[in-house]
Amino acid sequence: MTFHDLVVNAERLLADLRDLSVFGRNAGGGIDRASFSAADATAREWLAGRCAEAGLEVMTDAVGNIFVSSPRLEEGIAHHPAVWTGSHIDAVPDGGAFDGALGVIAAIEVLRTLHEAGTGLTRPVRAVSFSDEEGSFAHLFGSSAIARGFGVDQLEAMIGRDGARLAEALPSALTVSLADAAAVGPPPEGVAAYVELHIEQGSLLEASGVPIGVVTGIVAIGGGTVRFRGRADHAGTTPLDRRQDAGLAASEFAVALPALASATSADAVVTTGIMRFDPAGSNIVPGGAEVSVDFRDVELERAIDLGNRIAASASEIASRRGVGVEIEFEETVPGARMNDAVRGAIAGAAAGLGLDAIDIRSGAGHDAQNMALIAPTGMIFVPSVGGRSHSPAEYTRDDDVVRGASVLLRTVLALVRG
Ligand SMILES: [Zn+2]
């Protein structure tokens, strides 16, 4: 058998994806599987077991990234730059069964298929599962450790969604020290290429009736918190024109945001996911109000420009309403352009399988944007039914799962030879 005739085992792929979805499944059908949680530990154990059964080797680094390799395929070439493929197995709270999981299971299926076919590759292939992609402690944590690195002080300061310190969660989950974690970086030999299969998490592919998306780039993301400070007063005795109502300032600000995004560019989006009043009482004028802001655009400069407009708008609304304002935005994270050669390999793989493909950009952040810093990188998208994601309603049809994994296999083969 030549490598060109290889196909993934669809039944095994779908069964593994279903089996992984059991870990962390809650009563409502959603998945609670934050990195370094008990559910994550059992999922890791299961994954390692599946790999061992297939004759594959599993290595976990000091930040929890899992690397899977085939000793048979690496004979004599183990120290050459490898082609990496993967994603993540952690989930957002009450998340779905496909975000990340698809890319990891498909990567393992690709490696297993190659392993069974035997030797003859000119570059090693590694399946990878990055830890804490969803940012229980830090967004894209595992791939950031590889591509950018963390200092011990940065790791010390990380607090999880549930209030736990990474400094406690990581050593107890992995028996490593923070110094070990800070030493994680790219492999000395480099990475030949990285390709990630992921669900679209939007509805463009479904609407276009096309099974494969070739990702062109990942958006830049900025945002943080805006706090309005007014004065808490009695809801009955304080005349409307004497109030310093932080709640109304925050509300006006939130309502104004979409128009600011549209005025910046057709690609820009902005979201207010959290709004809190303080005190929060039905008969109290809010003295303080906190609003979260998440803004994104394909181009970094435009995202930064949008961030500036948002800050200016907050200041204008605050001064007009006689309240104070504090704007705390994190540094806008650059997106990433996908590599032309990897994009070409994906498009060629889809065409070779007779599958239609379109170019598409990613509005969500992915480990691929970190990998793009150290290796030629590309992403394959498959349709999400109804565009739903980060929800128990997240679903990708079996056919699309298999198509995605098939394109991934062909792409990896092209990259291994290329
Ligand atoms: Zn994901």
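Predicted, not measured: the structure shown is a model, and the values here were computed from it. Along the sequence shown, residues carry numbers from 1. Each ligand, and each atom within it, is numbered from 1 in the order the structure gives.
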J.: Quick one: do E326 and R227 make a salt bridge, cutoff under 4.0 Å?
T.: yes
J.: Do the two ring centres, one from F150 and one from F141, sit under 6.0 Å apart?
T.: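 Distance test on ring centres: under 6.0 Å, yes.
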J.: Could R337 and E299 be called an ion pair, given the rule that one side-chain N must be under 4.0 Å from one carboxylate O?
T.: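 Yes, this pair counts.
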J.: Tell me, which pairs form a salt bridge (Lys or Arg N to Asp or Glu O under 4.0 Å) where one or both residues lie in residues 252-271, sequence neighbours left out?
T.: E252-R320, E252-R321, D267-R302, D267-R361
J.: Could you enumerate the protein N, O or S atoms under 2.8 Å from the Zn ion (ligand 1), written like residue then atom name?
T.: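 Protein N/O/S atoms under 2.8 Å of the Zn ion (ligand 1): H88 NE2, D99 OD1, H198 NE2.
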J.: Run through R126, H79, H80 and flag the one making a side-chain hydrogen bond (donor to acceptor under 3.5 Å, both in side chains) with E74.
T.: R126
J.: Between R403 and D400, does any side-chain N to carboxylate O distance fall below 4.0 Å?
T.: yes
